[in-house]
2 protein chains.
Amino acid sequence: MSALSQRQQRILDHIKDFVRANGYAPAIRDIQRELNISSTSVVAYNLRALESKGFIRRSNNISRAIELLQQEDGEAGTGTSVPLLGVIAAGQPIPIPGETEVEDNVLVPEQIASGDKLKDVYALRVKGYSMVDALIGDGDIVLIRYQETAENGQMVAARIRDENEVTLKRIYWEGNQVRLQPANVTMDPMYYPAANVEVQGRVVGVIRSLN
Amino acid sequence: MSALSQRQQRILDHIKDFVRANGYAPAIRDIQRELNISSTSVVAYNLRALESKGFIRRSNNISRAIELLQQEDGEAGTGTSVPLLGVIAAGQPIPIPGETEVEDNVLVPEQIASGDKLKDVYALRVKGYSMVDALIGDGDIVLIRYQETAENGQMVAARIRDENEVTLKRIYWEGNQVRLQPANVTMDPMYYPAANVEVQGRVVGVIRSLN
DNA sequence: GATAAAGTAGAACACAAGTTTGCTTTGATT
DNA sequence: AATCAAAGCAAACTTGTGTTCTACTTTATC
């Protein structure tokens, strides 16, 4: 990566500031005015340099078509947001996407999952300690991908139909029965008829704040 | 929030698609052409409606100055990214911001921390099981805020000077000594002279993928 | 110190793109 | 059917904005 001249650095910084402040990129004359550059051609010249060095992308003859390419630390980046629908524990109201109030949005880091695969993901805040042996504690946010089936041992949000409750457990299919196993040595598994248990999604990620 | 007409909805969708594809907003004529609308004034009319309903913001007489205001689930949102600097375990090379190669960037959900407070935060991938009792497992990403002091019991990245190693432990100051305590009942604490231990930051968040 | 390369200036140009205006269509209401 | 408001239409208008060209200045390089 070639180094930037002082002017190029200032132009790049100004573009970033401008985008942050306005939500769209500056025109060449905006940059010129703000940085007290004498001519638009100077700005154009340096934008060309910034483009060839890979910091921005531009489209010919199109207004404000400056796209910032590189992302530095501490700056705004883009991610995919999923709805935080509520709290999950042993014995709580049902969270179902689309049927529940959205409390908040959670931005999902790409390290957990990325892009298009997030269509059916939602987040729940964990209440209680039933999953501590699975390294999920009270107050953690779990990301759940909606799916109606699950394999043995997967961690799922499961609804017990006739009690109308949703709980976070590992699931094991045992013939006509379903074992919902807490990840906590001090707690016992619960058994239900398979027909009475409805998988509402599988845990795909965990987010915890320690502040 | 007023409902959108069919045309307004299509215009809004197109703006989102366009921004995603190009990194900048469409001009009125771009929208007109793409959606086969007969006149630019129709687009302008509906943009005005979208603005008064709070979906977008526009600036007068400025090209492509459409700013998307509302964020729906599954769409790109903005967050703050921090550098993922490497791996931390018992006995690993030192990760210090600015001195190490950046492996990746991690987008930090606002639920962990937000905005300006992220200046000195970096991320490390955890290797090993020394912190499982603190609900941090192998492969988790820990977010660490750089600070040189820590209080008793806080989870920190600590460097043992004469061994030039960094480790993730709870720290306890005990007179002239420092106790570095793993969060794993099968592991014993380590003791060092206080002068030989350097706090490199405190754990402020955890991110885990279960895919 | 000559020479080339990189950067700066100023102005004119051409098209991009938002706005305005007057008119027509549509659709609901009475 | 008459009415009225909202929505759509077409064209003209004005301003915004990227580009180009030429000339000049500074900065490296040998």
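Quantities reported herein were computed from a predicted structural model and do not represent experimental measurements. Chain naming here is simple, since letters A, B, ... match the order of the sequence lines and numbering starts at 1 in each.
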Run the side-chain contact (heavy atoms from CB on, under 4.5 Å) test on B/Ile171 and B/Val199 for me, step by step, so that the C-alpha distance in whole Å, both residues' side-chain angles and the decisive distance to 0.1 Å come before the verdict.
CA-CA 9 Å; B/Ile171 195 168; B/Val199 174; 3.8 Å; yes
Spacing of B/Arg10 atom CZ relative to D/dG8 atom P, expressed in whole Å:
11 Å
Qualifying residue for side chain to side chain contact (heavy atoms under 4.5 Å, CB included) with B/Thr167, from B/Ile160, B/Val156, B/Ile88:
B/Ile160
Can you tabulate the close N/O pairs, meaning under 3.5 Å, that link protein atoms to atoms of nucleotides 5-9 of chain C?
from, atom 1, to, atom 2, distance (Å)
C/dG7, OP2, A/Tyr45, OH, 2.8
C/dT8, OP1, A/Arg7, NH1, 3.1
C/dT8, OP2, A/Asn46, ND2, 3.2
C/dT8, O5', A/Arg7, NH1, 3.2
C/dA9, OP2, A/Ser38, OG, 2.5
C/dA9, O5', A/Ser38, OG, 2.5
C/dA9, N7, A/Ser41, OG, 3.3

Tell me whether A/Arg10 at atom CZ has more than 12 heavy atoms from other residues, nucleotides or ligands lying less than 6.0 Å away.
no
Take atom CD1 of B/Ile31 and atom C1' of C/dA16, then tell me their distance rounded to the nearest Å.
14 Å
Any side-chain donor near an acceptor of the partner, A/Ser59 and B/Tyr24, under 3.5 Å:
yes
Tell me if a side-chain donor or acceptor on A/Gln8 pairs with a main-chain N or O of A/Ser5 at a distance below 3.5 Å.
yes
Smallest separation among heavy atoms of A/His14 and A/Asp30, with atom names
CE1-O, 4.1 Å
Between the protein and nucleotides 12-18 of chain D, list every N/O to N/O distance that falls short of 3.5 Å.
from, atom 1, to, atom 2, distance (Å)
D/dT17, OP1, A/Arg64, NE, 2.6
D/dT17, OP1, A/Arg64, NH2, 2.7
D/dT17, OP1, B/Ser63, N, 3.2
D/dT17, OP2, A/Arg64, NH2, 3.1
D/dG18, OP1, A/Arg64, N, 2.9
D/dG18, OP2, A/Ile28, N, 2.7
D/dG18, O3', A/Asn61, N, 3.4
D/dG18, N7, A/Arg29, NH1, 2.7
D/dG18, O6, A/Arg29, NH2, 2.7

Determine the interplanar angle of the A/Tyr146 and A/Tyr122 rings, folded into 0 to 90°, and report it as parallel if under 30°, tilted if 30 to 60°, perpendicular if over 60°.
tilted
Distance col, row A/Thr40:OG1 vs A/Leu47:CG, nearest 0.5 angstrom, shows 10.5 Å
Taking every heavy atom of B/Leu168 against every heavy atom of B/Ala157, the minimum-distance pair comes out as CD1-N, 4.4 Å
Computed from five pairs at either end and rounded to 10 degrees, the angle between the axes of the helix from C/dG1-D/dC30 to C/dT30-D/dA1 is 40°
Whether A/Arg161 and A/Glu198 form a salt bridge (side-chain N of Lys/Arg under 4.0 Å from carboxylate O of Asp/Glu) is what I want to check.
yes
